[in-house]
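Encoded as structure tokens, the structure appears first; notes follow it.
The chain is numbered in sequence order, starting from 1. Side chains are part of it too, since the values below use all heavy atoms of this structure and drop only hydrogens, waters and symmetry mates.
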Amino acid sequence: MKQALYIVDVQPSFHPPAALVAEITALAATMPSIATVERHDESVTPFERQLGWKPGADDPSLVPADRIFIKHGYGPPRDVIEYLLSLKLDRVLVCGIQADTCVLAAGFALFDAGLHPTLLPWLTVGSSLDRSGKLGARLWKHHFGAVLAGPEALRA
């Protein structure tokens, strides 16, 4: 099965647990990987004006990936989708920060592009609404179906 890892917003502004960063880094070394990093630009996405909060203006990805893409807002930029389509994958494994917002938005974009998004819930945390990520995993299962139970399911 041809697959790639899509890492969503594992960056300093979101304070990811060190163990999460280490586990995602280890997995990223085993397959093609991409990461998105949310960067603040109020002229593009009104985080501060509308939500009273903003991500960093120059946060790096805390996980080394084959390709890093900068995004503004919840969803991935079009170049992420185009790149993943060019790989002709069977599925895209998704993990990262904000299961119920940015990770879910990535799932919608991937699904709409026919890329078979598959959530790795043990490598995903939620937003401040539900840091456990359980709400995001339930929403993902409802909308896309593909949620792996644990690391052993990666080989299936």
Side-chain angles (χ1 to χ4, degrees), residues 3-87 89 91-140 143-144 147-148:
Q3 57 191 6
L5 182 64
Y6 179 11
I7 306 148
V8 180
D9 300 353
V10 178
Q11 63 189 79
S13 289
F14 300 118
H15 311 289
L20 179 78
V21 175
E23 288 181 53
I24 294 172
T25 298
L27 183 58
T30 69
M31 67 182 69
S33 61
I34 69 158
T36 53
V37 177
E38 175 67 39
R39 296 262 176 95
H40 181 249
D41 182 341
E42 196 70 16
S43 69
V44 177
T45 306
F47 278 112
E48 190 167 33
R49 186 174 67 251
Q50 191 159 333
L51 301 176
W53 174 88
K54 62 183 179 190
D58 61 357
D59 270 5
S61 173
L62 294 174
V63 176
D66 298 326
R67 298 275 309 266
I68 308 286
F69 294 88
I70 304 305
K71 69 184 188 82
H72 300 283
Y74 294 108
R78 184 69 201 160
D79 54 344
V80 166
I81 302 303
E82 291 169 1
Y83 176 71
L84 290 170
L85 284 168
S86 77
L87 297 178
L89 302 166
R91 69 180 177 185
V92 177
L93 304 174
V94 183
C95 63
I97 305 295
Q98 302 191 73
D100 46 331
T101 57
C102 293
V103 171
L104 192 62
F108 282 111
L110 296 169
F111 185 84
D112 287 350
L115 285 163
H116 304 282
T118 303
L119 184 66
L120 307 180
W122 69 94
L123 296 178
T124 306
V125 296
S127 70
S128 59
L129 179 63
D130 172 28
R131 193 69 173 161
S132 75
K134 290 179 182 173
L135 172 61
R138 284 185 14 240
L139 288 166
W140 188 284
H143 290 292
F144 316 121
V147 176
L148 298 185

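A search for side-chain hydrogen bond (donor to acceptor under 3.5 Å, both in side chains) contacts involving S13 returns D59, not counting sequence neighbours. Take E42 and apply the side-chain hydrogen bond (donor to acceptor under 3.5 Å, both in side chains) test, not counting sequence neighbours, and it matches H40. A search for side-chain hydrogen bond (donor to acceptor under 3.5 Å, both in side chains) contacts involving T30 returns nothing, not counting sequence neighbours. Evaluation of the salt bridge (charged side-chain N to carboxylate O under 4.0 Å, His left out) rule for K71 yields D9, E38 as partners, not counting sequence neighbours. In terms of the ring pair (Phe, Tyr, Trp, His ring centres under 6.0 Å) criterion, residue partners of F144 (sequence neighbours excluded) are, by chain and number, F108, F111, W140.
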- Step by step, work out the side chain to side chain contact (heavy atoms under 4.5 Å, CB included) result for R138 and D130. CA-CA 12 Å; R138 284 185 14 240; D130 172 28; over 6 Å; no

- Item | side chain to side chain contact (heavy atoms under 4.5 Å, CB included) assessment of L27 paired with I24 | CA-CA 5 Å; L27 183 58; I24 294 172; 5.8 Å; no

- Task: Report the C-alpha distance between L5 and L120 in whole Å, list the side-chain angles of each, state the deciding distance to 0.1 Å, and finish with yes or no for side chain to side chain contact (heavy atoms under 4.5 Å, CB included).
- Result: CA-CA 10 Å; L5 182 64; L120 307 180; 3.8 Å; yes

- Item | From CA spacing to verdict: side chain to side chain contact (heavy atoms under 4.5 Å, CB included), I81, L110 | CA-CA 7 Å; I81 302 303; L110 296 169; 3.8 Å; yes

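Checked options L62, T25, L123, T124; the residue passing with V10 is L62 (criterion: side chain to side chain contact (heavy atoms under 4.5 Å, CB included)).
Note on residues 92-106: pairs passing side chain to side chain donor-acceptor pair (under 3.5 Å), not counting sequence neighbours, are Q98-T101, D100-S127.
Minimum interatomic distance between V103 and A99 (heavy atoms only, all atoms of both residues): CB-CA, 3.7 Å. Here the closest heavy-atom approach between residue A28 and residue V63 is recorded as CB-CG1, 4.2 Å. A65 and I7 get closest at one heavy-atom pair: CB-CD1, 4.3 Å. Between P60 and Q11, the closest heavy-atom pair is O-CB, 3.4 Å. When every heavy atom of V8 is checked against every heavy atom of C102, the shortest pair comes out as CG1-CB, 3.8 Å. Heavy atoms only, all atoms of each residue included: A137 and L119 are closest at CA-CD2, 3.7 Å.
In this structure the side chain of L148 reaches within 4.5 angstrom of the side chain of L93, judged on heavy atoms. By the 4.5 Å heavy-atom criterion applied to side chains, T36 and Y6 are counted as neighbours. L20 places a side-chain heavy atom less than 4.5 Å from the side chain of I97.
To the nearest 0.5 Å, the span separating CG on L89 from CG on L115 amounts to 7.0 Å.
Ring geometry, Y83 versus F69: the interplanar angle falls from 30° to 60°, so the pair is classed tilted.
D66 places a side-chain N or O within donor-acceptor distance of the main-chain N or O of S33, the cut-off being under 3.5 Å. R91 contributes no side-chain N or O that, together with a main-chain N or O of P117, makes up a donor-acceptor pair within less than 3.5 Å.
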